[in-house]
Student: 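Quick one: this structure, given as structure tokens, is what I'll be asking you about.
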Amino acid sequence: MENWIASEFTSINLKDERLNKRAKIILDKLGHAPARTIPQAFRTWKDIKACYRFFDNPAVTDNNILKPHMEKTIERIKNEPVVLLPTDNSILDYTPKKAMKGKGEVCHKRDGIFLHASLAVTPERLSLGVVDAKLWIRGVDYISQTEAHRDDLPIEEKESYRWLEGYKKSCEIARECPNTQIIYITDREGDIIELLGEAIKEKKSGKCADIIIRSQHDRQLDEKDPDGTLNKPYKKLIKTLKNTPALGELEFVIPPSQGKKGRTVKQQIKASSFTFRTKKYNGNPTCKVTINVVMAIEENPPAGESPLCWIFHTTMSINTFAEVRKVIEYYLCRWEVETFFKVLKSGYKIEERQLESTERMKPLIALFLILSWRIIYVMMLGRICPEMSSGDIFCEAEWKSVYKILNIKEKIPENPPTLNEFILMIAQLGGYVGGKKAPPPGVKVMWRGMARMVDFAIAWEAFGK
Ligand SMILES: [Mn+2]
């Protein structure tokens, strides 16, 4: 078994020592076989049956599986001065799995499970682990409700409450890690007035998580508009922000994609504090929320291009250009949670897997969340700590077998290669063609390479060195 699994699962408690042991074996086996089904991964009928029985056990829940990993993640967070918690929602579509019980609607005519997860990431984009993961199924009454009815529900009963729960969890982590600044990050879906209000309230009461939320709504400000009309007497956020003087400029290059040429983008950076007037705030009419807002806007896009514009709500300070730039840079790390979902779906093929019911799927998905994190973690660690020894991350059978396969005529060195060298070797096994100008290996070659590495390591252990 790989070392990291034993250490990641030290505190696992499924109320039965045999189940604890089985959890480690299953994680190890599944990790070895990114695209293989359970029967392919376990080979013998006895092991396959033991695996299915494991997921049948009521003590085996997604929360119990994730708990030890989350505890380890908290330990890793404590060593960092700043940790970002990008959060997102993802659809696990099980429509073709007709026999799977307990599914719910995920979008029009499709059914499956929703996953709402927060990943812990450093500003250098090293992913530390999963700190929050909710696997949930939409109730049947949702479909019969009208949109107006859903709008009127108290926030606790809305589906969007998950974004608020994620923030509350981030605050708990912030209090558990007193020396780390924790920042909760969401895309436009998190632009919910109750969430902004909650973050402001928490900020006043002491140690909590900060937020960076991409804005979705052109909110009404608590300022009379001299050009306003009887129906629209108040100023609006976007127009007012546009008229704010710029603090500075950001320049970057967007690479070409989907038939579009790449181009250089110049954005003006603006920031100010605003008070929003809200129509509804958890049942209270016209409540006011004051929060910092950052805008990055392309004022002169090339002809035919629509201007690139981002607006963020944040509790972080925005007094200087450097501080504002940090808000934008941190937001861009949100991409890591997308990568994480990509590994889960394309790498570990989570939507192609099937157990009897969604209740049994949940702990299986939880195991794959841990494995998906691991791939991203190792890949980024190689970029951030290139000189670290690969022996700290990989076992002897792994690094030695890979070295030998790629350098068939050479003698295996006494000391393991550096992590960076070794990651390039794994990537090579996954089909990566390096070279001076090549970008560093991505997740796809990594999961392919790691799957092959594990097979070599097994052979290495079995057939001698
Ligand atoms: Mn989203």
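Owing to the predicted nature of the structure, the values given are computational and were not obtained by experimental measurement. When a ligand or atom number is given, it counts from 1 through the structure's own listing order. Values below: every heavy atom of this structure, side chains too, minus hydrogens, waters and symmetry copies.
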Student: Starting from the Mn ion (ligand 1), count all protein N, O or S atoms within a radius below 2.8 Å.
Tutor: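 Counting protein N, O and S atoms closer than 2.8 Å to the Mn ion (ligand 1) gives 3.
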
Student: Check the surroundings of atom NZ in Lys270: do more than 12 heavy atoms from other residues, nucleotides or ligands lie under 6.0 Å from it?
Tutor: yes

Student: Is the shortest side-chain N to carboxylate O distance from Lys134 to Asp132 below 4.0 Å?
Tutor: yes

Student: For residues Val140 and Glu105, determine if any side-chain heavy atom of one lies less than 4.5 Å from a side-chain heavy atom of the other.
Tutor: no

Student: For Glu251, look at atom CD and say whether over 12 heavy atoms of other residues, nucleotides or ligands are found less than 6.0 Å away.
Tutor: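 Yes.
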
Student: If you define the side chain from C-beta out and look only at heavy atoms, does anything of Trp373 sit under 4.5 Å from Ser127?
Tutor: yes

Student: Applying ring-ring contact (aromatic ring centres under 6.0 Å, His included), can you list everything that pairs with Phe340, at least two apart in sequence or on another chain?
Tutor: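 Phe340 satisfies ring-ring contact (aromatic ring centres under 6.0 Å, His included) with no other residue.
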
